[in-house]
**Q** 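The structure that follows is given in the form of structure tokens.
Reminder, nothing fancy here: chain letters follow the sequence lines and each chain counts from 1.
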Protein chains: 2
Amino acid sequence: MNDVASDGILTREKILEAAEEVLRRFGPSKATVVDVARALGVSHGSVYRHFPSKAALRDAVLERWLHRITEPLEEIVRGRQPAPERLRLWLEQLMAVKRRRALNEPELFATYISLAGDAREVTKAHVDALIDQATRIIADGVKSGTIMAKDAGVAARSVFDATARFHNPAHAGEWADPAIDQAFEGVWALLKAALTARSGPKRR
Amino acid sequence: MNDVASDGILTREKILEAAEEVLRRFGPSKATVVDVARALGVSHGSVYRHFPSKAALRDAVLERWLHRITEPLEEIVRGRQPAPERLRLWLEQLMAVKRRRALNEPELFATYISLAGDAREVTKAHVDALIDQATRIIADGVKSGTIMAKDAGVAARSVFDATARFHNPAHAGEWADPAIDQAFEGVWALLKAALTARSGPKRR
DNA sequence: GGACTGACAGGTTTCAATATCTGTCAGTCC
DNA sequence: GGACTGACAGATATTGAAACCTGTCAGTCC
């Protein structure tokens, strides 16, 4: 009995693909390594040759999945709009992607949420990548004078934190509320005001 | 067999007290109406004379519990500090209370969190009460010229949303992170800048 | 007569026995 | 000889029967 998937060689990539499909179908609580192996026509022992544990496999799947969020955002980061506008576009796109995934891939989204409790590393790396993107936009704005910020990195993290309700999966349940867009407008108005204010220390 | 608690009359208030104690001890998943009745030395049927359902009882307990959060904050709302300072104090106090409760009353806190999924009414009322407090502070600041905002209510809701990470129970797990205070400082700096900026439309 | 009881139906939770899963490794097979 | 298998121990999940809970109501008891 030897029929490693379609054409014979078991690669890390093939396992990841099958594992993602299994996770998508069964969800984080029901997906097993045995299922993944079965999908590949392989014994589960073989999977352990490529990944040290189920957790490592799951993390790798999610890393890939999260990378597919950050990657398209790069295009916006490198855009030519004025930085404040670009930051807003970036936030909108981020929110849109998260909401789309919460709707269309609920099982993987649930896996992502449950991950926050377990291995925080992958999640943290994802957040860091996003904040890095925001930092680049803001630094760009500072350089061209469209944004005021002492430290682009701190400002980016603060913008990310302040908009948590709109992109953090912990709030996914609230995204159905139609008032959410209005709420974002309110927060964005404050952030924009803060970032584009004519600066200088407060004067009483 | 007739020994209604200590001194004979079963009141709504006594039931609430006992129910809170039971919830505190057993948590939201294990507390039962029978437990509450047992604690009062009463049959569970009697409890249903005062509350139409277990959910209604649980909601009433939480309403009381949440009221004990908003009430002490009133003192700050009515304080004499300049509005921006008062808003900051109010936020700090709010965060402190939430964190203290998450630590000291984990079972009731868990009940509160689980409530977000079920009956949203009580939670919503609590949020509305908090936003009303923030609105009063901001309106006060607008009146005395220390805060710039077109609509105090909108600004208050936005401040509340932007600081969700620091007081929303969905983020309770992150409150242990020592970087959380620094993160709050960053967000507060933006909010303060936005609310105290010398206003006027952006001029390029 | 009105607050309280206790037995009840239908639904949910618990518990322990059974099945499945994870991670390992000696052995098979090209 | 290196990728893969399959049997294994210990841990985790599933299952079905029994126990328990919710919500109701006719009836008891001051």
**Q** Using atom CG of B:Leu10 as one end and atom C1' of C:dG2 as the other, report the distance to the nearest whole Å.
**A**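 Distance check: B:Leu10 CG to C:dG2 C1' gives 14 Å.
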
**Q** Is any side-chain N of the basic residue among B:Arg68 and B:Glu63 closer than 4.0 Å to the acidic one's carboxylate O?
**A**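 Salt bridge flag = no for B:Glu63 with B:Arg68.
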
**Q** Is there any ring-ring contact (aromatic ring centres under 6.0 Å, His included) pair reaching into residues 30-51 of chain A, and which pairs are they, with sequence neighbours excluded?
**A**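 Passing the test, one end in residues 30-51 of chain A: no pairs.
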
**Q** Check side chain to side chain contact (heavy atoms under 4.5 Å, CB included) between A:Ala55 and all other residues, then give those that pass, not counting sequence neighbours.
**A**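 So A:Ala55 forms a side chain to side chain contact (heavy atoms under 4.5 Å, CB included) with A:Ser53, A:Arg58.
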
**Q** At under 4.0 Å, does any side-chain N or O of A:Ser46 touch on OP1 or OP2 of D:dT5?
**A**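 Yes, such a contact exists.
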
**Q** Could you write out DNA chain C as a dot-bracket string, with dots for unpaired bases, | for bases paired across to another strand, and Watson-Crick or G-U pairs counted at under 3.5 Å?
**A** ||||||||||||||||||||||||||||||

**Q** Quick check: are there more than 12 heavy atoms from other residues, nucleotides or ligands sitting under 6.0 Å from CD of A:Gln81?
**A**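 Counting other residues, nucleotides and ligands, CD of A:Gln81 exceeds 12 neighbours.
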
**Q** In whole Å, I'd like the distance from the CG atom of B:Leu57 to the P atom of D:dC21.
**A**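 Spelled out: CG on B:Leu57 to P on D:dC21 is 15 Å.
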
**Q** Mind jotting down which residue pairs meet the ring-ring contact (aromatic ring centres under 6.0 Å, His included) criterion with at least one end in residues 129-173 of chain A? Sequence neighbours excluded, please.
**A**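 Applying ring-ring contact (aromatic ring centres under 6.0 Å, His included) to every pair that reaches into residues 129-173 of chain A, excluding sequence neighbours, yields A:Phe160-A:His167, A:Phe166-A:Phe184, A:His171-B:His171.
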
**Q** Which listed nucleotide (C:dC4, C:dG23, C:dA7) is nearest to the side chain of B:Arg49?
**A**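 That would be C:dC4.
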
**Q** Taking only residues two or more places apart in sequence, or in another chain, which ones meet A:Val97 in a side chain to side chain contact (heavy atoms under 4.5 Å, CB included)?
**A**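 By the side chain to side chain contact (heavy atoms under 4.5 Å, CB included) rule, A:Val97 matches A:Ile69, A:Gln93, A:Arg100, A:Arg101.
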
**Q** Looking at residues 18-35 of chain B, who's got a heavy atom less than 4.0 Å off DNA chain C?
**A**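 Of all residues in residues 18-35 of chain B, none places a heavy atom under 4.0 Å from DNA chain C.
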
**Q** Quick one: A:Arg12 CZ to D:dC4 C1', roughly how many Å, whole number?
**A**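 Taking CZ of A:Arg12 and C1' of D:dC4, I get 19 Å after rounding.
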
**Q** Taking the basic N atoms (NZ, or NE/NH1/NH2) and the acidic carboxylate oxygens, is any pair closer than 4.0 Å for A:Asp140 and A:Arg86?
**A**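 Salt bridge present between A:Asp140 and A:Arg86.
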
**Q** Between B:Tyr48 (OH) and C:dA3 (C1'), how many Å, whole number?
**A**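 Atom-to-atom, B:Tyr48 to C:dA3, this comes out as 18 Å.
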
**Q** Regarding A:Lys124 and A:Asp128, does a basic nitrogen lie under 4.0 Å from an acidic carboxylate oxygen?
**A**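 A salt bridge is present here (some side-chain N lies under 4.0 Å from a carboxylate O).
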
**Q** Does a nitrogen or oxygen in the side chain of A:His50 sit under 4.0 Å from OP1 or OP2 of D:dC4?
**A**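 It does, given that an N or O in the side chain of A:His50 lies less than 4.0 Å from OP1 or OP2 of D:dC4.
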
**Q** Given D:dG23, C:dT5, C:dT24, which nucleotide is nearest the side-chain atoms of B:Ser43?
**A**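 Out of D:dG23, C:dT5, C:dT24, the nucleotide with an atom closest to B:Ser43's side chain is C:dT5.
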
